[in-house]
Amino acid sequence: MKIKRRPLMIMIVMLCIATTLSAMTAEQIMREADERQTYDSSRSSGQFKIKDRFGTKVSTFDAWSKGADESLIEFTSVAERGQKVLRTEDSIYLYYPDAEELIRMQGSALRQGMLGSDISYEDMTGGKDRLSQYDIVLEEDSELVFGRDCHVLTLTAKTRSVPYPKEIVWIDKENFIVMRAEYYTKSGRLLKEMETLSVGTLSGIEVATETRISDKMKTDTETIMILDELEVNIRIDDDLFSLDELSW
Amino acid sequence: MIYSLSMNYPGRSEKVKKSLLLLVLLISISSALFAEGTLTMDYSLFNSVLRTRDAANELKWAAAVSGTAQLAYKSSGNKNVKSEISLGLNYPNPLFAGTGQEYIYPLLSLDKAYIKARFPEFRLTAGKTRLSWGDGFVFNAGDILFDSVSAAVDLTSSEIRTDTAWLAAVNIPLGRFSFFEAIVLPPTDELLEELTHTSAGGRIYTTLDSLKLETGYMYKGGDAAYHQFYAGLQGNIEADWYITGALQLPADGSSVTETLQDSFDITAGLFYLTQFDSVRTLSLRLESLIQPFENWSESSTADAQYGILLYPEISFTPSDTTSISVRSIISPIDGSAQITAGGSWNVFQGFSLLGYLIGQAGDSDDTFSWSNETENWTSLACMIGIIYIY
């Protein structure tokens with residue numbers, strides 16, 4: 001008996017070890033997701049579409065980033081054409097071409113979403129560090145979203161400097177792209193939902209090229225963000241992130 | 001009357017008007033033929049109901065229409081050279097009635113006409129345009145080019161200060177976040193003006209740790225020439241703050257003390273922005289204009305210049321397409337205020353609906369007044385309008 005039971009025990013122990021080795025912790029999943037979206041530098045262009053019952057309003061932009069702190073965004077759609085936002089480590093500079101006005105902002109402005117969206121400047125620059133901002137728990141290790149096998153994580157904010165106190169995110173097991181996210185109030189009320197509508201390969205990197213954000217407080221309103229172009233880890237001169245470039 | 005207009009007055013010759021209209025046509029045609037530029041049209045139209053006074057000094061309710069149309073053509077073909085020409089068609093704003101500039105027909109104006117060229121070491125700007133010096137949304141002592149220290153502003157505008165002038169400027173970068181800018185403003189009152197009527201100056205803009213420092217000087221030429229100086233700081237302690245001081249010294253033998261006292265302005269402001277979620281944003285702003293040598297006790301005349309004016313503003317964006325705001329200019333010494341409450345709704349691409357309620361509170365001899373008996377004095381106005389940009 002002992003001889004027969006021993007291989008079985010060994011197999012069980014080996015399986016447990018293998019399972020432990022292959023399963024990622026919540027922190028590892030989030031770190032991997034953050035690192036895959038962190039670039040030394042990038043250039044991108046895209047558009048936001050706000051859809052409601054009156055139609056669709058489109059804002060287009062070009063953006064550049066370098067390191068974790070520097071980004072430059074230029075609006076290219078008609079109503080705001082030429083307006084630019086330069087973000088540095090401790091300041092945001094806004095440039096309005098019609099008034100030839102340069103405005104410097106600090107403090108809370110740094111934490112605002114880009115173009116009034118859920119996309120933070122950290123998202124733009126790739127300097128993501130959700131591990132330091134949230135307590136993260138792995139809720140489900142496998143759940144299908146649009147046919148993709150995903151980890152399900154719950155993020156509870158450690159700080160008030162993030163837009164939502166609680167988030168649930170579905171992260172693709174293969175490419176670590178957030179396929180779906182739900183944003184909640186502290187009391188657990190669902191405010192918004194984000195879904196990745198398409199994933200594409202831009203400059204050899206798999207990224208979410210089209211995402212939809214729907215406001216659960218309102219009906220018939222959604223924001224679509226489309227990433228048309230992306231180049232990463234390219235050579236960008238420091239002078240691009242300067243007041244001279246901003247006000248040109 | 002507290003309001004004034006910095007617009008072109010009637011009297012522009014028919015020849016000039018025809019030339020400008022021809023220019024508009026040429027721009028439109030050339031933009032269609034060549035893809036080297038972008039053409040933008042910006043319309044705003046308002047209908048207003050006003051509580052005002054007629055020539056017999058009787059209270060009356062009046063209706064008025066106002067609006068602007070601006071056509072801007074910007075070059076885009078050369079990455080080192082930029083140019084813009086912008087023409088405006090202005091229909092009078094009824095809020096400015098009573099300023100002695102009454103007219104009831106649209107006026108054509110050349111708002112911008114400039115060329116910028118970027119050289120390796122500096123940037124050159126020449127033509128009619130705007131340069132914004134100093135900090136401040138409504139009160140800005142650092143704006144010594146356009147004197148942004150009066151209460152005569154239209155708080156329904158998204159941009160309060162939009163004056164332009166013929167100028168030539170050189171901007172020299174001194175690092176990524178610093179620059180020196182020199183400017184010359186030729187006299188434009190007469191075709192051939194005295195050389196001494198030319199204005200010239202410069203400013204330095206730099207950062208020191210988390211502070212922004214800006215200081216500048218301008219010689220203002222003319223019959224009563226003077227030297228003007230300003231220095232300002234901007235930083236953040238939870239809220240963004242900014243403070244600027246400006247003063248003048250005579251260049252024509254006038255009394256130094258009198259000029260200093262008349263011109264010493266301090267403007268200061270606080271700005272705080274908070275975001276409840278990705279869309280809903282609340283911003284708070286408080287600015288002040290302090291003129292230490294003006295009146296610090298209440299005067300019995302409506303045109304008295306007081307030592308302090310305040311500008312509080314609350315603005316809330318409840319959704320991607322709507323915003324509401326309350327803005328006011330308060331004269332604390334005589335206890336009067338002008339209050340503008342309004343909202344906008346971006347309904348379609350480039351198309352927004354706007355509504356404003358503007359009221360004045362104060363006695364008949366205050367800076368702002370509900371019961372001032374001057375002809376055309378508007379104490380309450382309700383404006384509904386449209387903006388369309390394409």
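The model shown is predicted, which means the values in this text are computed figures rather than measured ones. In what follows, every chain begins at residue 1, and chains take the letters A, B, ... in the order their sequences are listed. The figures that follow rest on heavy atoms only: side chains count, while hydrogens, waters and symmetry mates do not.
Heavy-atom distances place the side chain of B/Thr321, and not its backbone, under 4.5 Å from chain A. Heavy atoms closer than 4.5 Å to chain A are found nowhere in B/Phe137, neither backbone nor side chain. Both the backbone and the side chain of A/Asp98 have a heavy atom closer than 4.5 Å to some heavy atom of chain B. For B/Asp143, no part lies under 4.5 angstrom from a heavy atom of chain A. In this structure, chain B has a heavy atom under 4.5 Å from the side chain of A/Leu86, while its backbone stays farther away. Interface residue A/Thr56: only backbone heavy atoms are found under 4.5 Å from chain B. With a 4.5 Å cut-off on non-hydrogen atoms, B/Arg123 touches chain A through its side chain but not through its backbone. Heavy-atom distances place the side chain of A/Tyr93, and not its backbone, under 4.5 Å from chain B. With a 4.5 Å cut-off on non-hydrogen atoms, B/Thr40 touches chain A through its side chain but not through its backbone. Heavy atoms closer than 4.5 Å to chain A are found in the side chain of B/Thr129, but not in its backbone. Interface remark: B/Asn346 contributes backbone and side-chain atoms alike to the contact with chain A (heavy atom separation under 4.5 Å). In this structure, chain A has no heavy atom under 4.5 Å from any part of B/Phe351. Looking at B/Ser86, neither its backbone nor its side chain comes within 4.5 Å of chain A, counting heavy atoms on both sides.
With B/Thr162 contributing its side chain and A/Ala99 its backbone, the two residues share no donor-acceptor pair below 3.5 Å.
A 6.0 Å sphere centred on CZ of B/Phe180 holds more than 12 heavy atoms belonging to other residues, nucleotides or ligands. Counting heavy-atom neighbours within 6.0 Å of B/Ile314 CD1, excluding the residue itself, gives a total of 12 or less. At most 12 non-hydrogen atoms from other residues, nucleotides or ligands lie less than 6.0 angstrom from CD1 of B/Ile115.
Side-chain contact between B/Lys74 and A/Arg81: absent, with no pair of heavy atoms (C-beta onward) separated by less than 4.5 Å. Contact check for B/Tyr242 versus A/Arg104: no side-chain heavy atoms found under the 4.5 Å cut-off. Side-chain contact between B/Phe348 and A/Lys57 is absent, with no heavy-atom pair separated by less than 4.5 Å. Between A/Trp248 and B/Lys116 there is a side-chain heavy-atom pair separated by less than 4.5 Å.
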Between A/Gln106 and B/Glu238, does the side-chain contact (heavy atoms from CB on, under 4.5 Å) criterion hold? Intermediate values first, please. CA-CA 9 Å; A/Gln106 294 170 289; B/Glu238 278 302 312; over 6 Å; no
Kindly indicate, with the supporting measurements, whether the criterion side-chain contact (heavy atoms from CB on, under 4.5 Å) is fulfilled by A/Leu243 and B/Phe179. CA-CA 8 Å; A/Leu243 298 185; B/Phe179 61 82; 4.1 Å; yes
List the steps, then state whether salt bridge (charged side-chain N to carboxylate O under 4.0 Å, His left out) holds for A/Glu70 with B/Arg176. CA-CA 12 Å; A/Glu70 293 182 320; B/Arg176 287 202 292 152; 2.8 Å; yes
Verdict with reasoning, A/Thr88 to B/Phe177, per side-chain contact (heavy atoms from CB on, under 4.5 Å): CA-CA 10 Å; A/Thr88 65; B/Phe177 302 103; 3.5 Å; yes
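Atom OG of B/Ser319 and atom CD1 of A/Ile50 lie 8.5 Å apart (nearest 0.5 Å). Rounded to the nearest 0.5 Å, atoms OG (A/Ser91) and CG (B/Asn236) are 8.5 Å apart. Separating the CD atom in B/Gln349 from the NZ atom in A/Lys49 is a distance of 10.5 Å, to the nearest 0.5 Å. Atoms CD and CH2, on A/Glu101 and B/Trp133 in that order, are 14.5 Å from each other to the nearest 0.5 Å. Here CD of B/Glu121 is found 10.5 Å from CG of A/Asp244. Values are rounded to the nearest 0.5 Å. Between B/Asp320 atom CG and A/Asp52 atom CG the span is 9.0 Å, to the nearest 0.5 Å.
Between B/Trp345 and A/Phe54, the ring-plane angle classifies as perpendicular under the 30° and 60° cut-offs.
Between A/Asp90 and B/Asp209, the closest heavy-atom pair is OD2-O, 4.2 Å.
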